[in-house]
Amino acid sequence: MRDIERVRELLPAQADPASSCGAGAALSPRAEDDLDALRRTAACVREVRPGLVTRRRILVSAAAATGAAAATVAGYQLRPAAQPRTRATAFTPAVLHYVPFAGRSAREVLLDFAGRVEKLPSETADGPYLYRKEWGWWLNTAGDVPGGVASVAVPTVTESWVKADGSGRQRSAYGDPIYPDAKQKRAAERAGLIAGKGVKNSMYGPGKFPRQPEIDAWRKVGPLSTDPARLAEQLKKVSWDGGHIINGVAAMLDYASRSGPVHPQLRAAALRVLADSRSVRVAGTTSWQGHKAIAVYQTQTWHGSTQRASVLFDPATGCPMGSEDALFGNARKLNVSVPATLAVSEILSSGHTHTIDGRP
Amino acid sequence: MDEWERFEQAFRGCYRQVVRFLWRRLPPQAVEDAASEVFVIAWERWGTLRGDPLPWLYGIARRVAANAVRAQERSARLEGRLRGSGVATVPGVDGQVLSALGAVDVLGHLSARDREVLMLVTWDGLDAGQAAGVLGCSRGAFLVRLHRARRHLECALADPGDPVPERESESADGSVGR
């Protein structure tokens, strides 16, 4: 008997451990996402952007995470969301677990969401200052540090009071920086990677609040339209972080909120703009602080590395409540254990106040 | 049909087979990421494809899987050093994959080379010429490897208690030496 025939007899198809893998007519959501990412690459004449990390430099790390799952930041206990999870790293929060909306497309979910939001009553501002309390955690890395590795996560809780004219106050409380090991701690300190220590309190005059240039760009667009098609045109006039429309929509809503509570019709229009985007996906999730959220996300794959950029929306109001940048697949030179979060944020409270030391 | 449409057709037609190929060689949690990387590389090299895309994709997948295995083993060794034990406490990738092979325990008694040869023409569904292309060797060399792997498999099935010893060497052209 020929060798091929004999070995096929000895190892029959029914013994194949992968026989049930990938069953079904449709590709998995991950496969569709990957194909979509490649399609966009093809549409840009294969222009590949290494937009994995837009706010930090990439480096080679010599250390592996050892798996601490929680840290304390200025009195807040950060806990991973209570879902089945792969391992958390020592210096990044757990990647959020997403649950798809079974049997419904992203467009259907977002349109339904918009329909509910636009029926909400409009709110009035109780004071000229938009107040927001937000915690965030991002992975600072440096690729040109003497001694090599410098990687650190800096948990931060930030309170901000800002008026429509761009004046206000920002108070940040920094938790202890978290390093994979002592060597990276020394390298990070020498490189000056640490954003700050203890508490930082800053006052700003008109037009001086952080990120004001972005606000100015939105102001030039003119009054924001509640017609989704017109709003989409206005969005195109302002650059979006990482090129993702979800970031454009979140930035637009952030800009709008500086003038007072965002009208439900504008929130609904924003959700309809997202519904019309082919590259947007949605899922249900629970935030790091244990709140239900609708995650609206986009992915980008480059050389085996997939970055998932997400904006979390409050299901009750349609307002953004947080964000996550997560990394999957090949971590490449970043060399963190994947999946990993590169940046996270969640709004702890928000409202309007009359003074820069009031809280809602 | 333009190049993207041909690629998409290949993606949709071959994705499941590529996933199954990787599933037989990697821990389950690494499969999706590896599949993603396979098709990223495939798109970049799409212009070099000649003929049937599936064996070509298997060739890419084989290298992606090998890289993933090496990376995971390096990480496990490093983690072991960080813990002070000097010994990786994470089971080797091969061990995880072999345990997932379940009923076909006999494959655990064979070398990785023999397993690869056998899987290509059985569960991976390739003929000898296609399998040779995946391994980057001549058809004749592949058939020599297959013949040896068959004998090792039969020995292992006859007496699964001991690993099959590698008594023969193979020269660069695939001929077997003693």
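In what follows, every heavy atom counts, from backbone to side chain, and hydrogens, waters and symmetry copies are set aside. Naming: A, B, ... by sequence-line order, numbering from 1 per chain.
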Q. Chain A heavy atoms under 4.5 Å from B/Ala128: which part of the residue, side chain, backbone, both or neither?
A. both
Q) Going through the distances and angles, do A/Leu11 and B/Trp123 end up as a side-chain contact (heavy atoms from CB on, under 4.5 Å)? A) CA-CA 8 Å; A/Leu11 297 175; B/Trp123 300 328; 4.2 Å; yes
Q: Can you see which heavy atom on A/Ser28 is nearest to which on B/Glu32, and at what distance?
A: OG-OE2, 4.0 Å
(Q) Heavy-atom cut-off 4.5 Å, strictly under: side chain, backbone, both or neither for B/Leu120 against chain A? (A) neither
Q.
Evaluate A/Glu32 against B/Arg12 for side-chain contact (heavy atoms from CB on, under 4.5 Å), listing each step before the verdict.
A. CA-CA 9 Å; A/Glu32 291 287 358; B/Arg12 292 189 180 278; 3.0 Å; yes
Q.
What I'd like to find out is whether the side chain of A/Leu38 reaches to under 4.5 Å of the side chain of B/Trp4, using heavy atoms alone.
A. yes
Q.
Between B/Phe7 and chain A, with a heavy-atom cut-off of 4.5 Å, which part of the residue counts as in contact: side chain, backbone, both or neither?
A. side chain
Q. Which distance, rounded to the nearest 0.5 Å, do you find between the NE2 of B/His147 and the CZ of A/Arg2?
A. 13.5 Å
Q) Is it the side chain or the backbone of B/Phe39 that comes within 4.5 Å of chain A heavy atoms, both, or neither? A) both
Q) Does B/Arg24 pair with A/Asp16 as a salt bridge, N-O distance under 4.0 Å? A) yes
**Q.** Proximity breakdown for B/Leu22 and chain A, heavy-atom pairs closer than 4.5 Å
**A.** neither
Q: Find the distance between CG (B/Leu143) and CD1 (A/Ile4) and round it off to the nearest 0.5 Å.
A: 6.5 Å
**Q.** chain B contact via A/Ala31 - side chain, backbone, both or neither, heavy atoms under 4.5 Å
**A.** both
Q.
Could you check whether A/Asp3 pairs with B/Arg145 (Lys NZ or Arg NE/NH1/NH2 to Asp/Glu carboxylate O, under 4.0 Å)?
A. no
Q: May I ask you to decide if B/Val121's main-chain N or O and A/Arg8's side chain share a donor-acceptor pair within less than 3.5 Å?
A: yes
Q.
I need the minimum non-hydrogen distance between B/Arg16 and A/Leu27, along with the two atoms involved.
A. NH2-N, 3.8 Å
Q. What do the steps show when you test A/Arg30 against B/Asp33 for side-chain contact (heavy atoms from CB on, under 4.5 Å), and what is the final call?
A. CA-CA 9 Å; A/Arg30 171 65 187 276; B/Asp33 291 335; 3.0 Å; yes
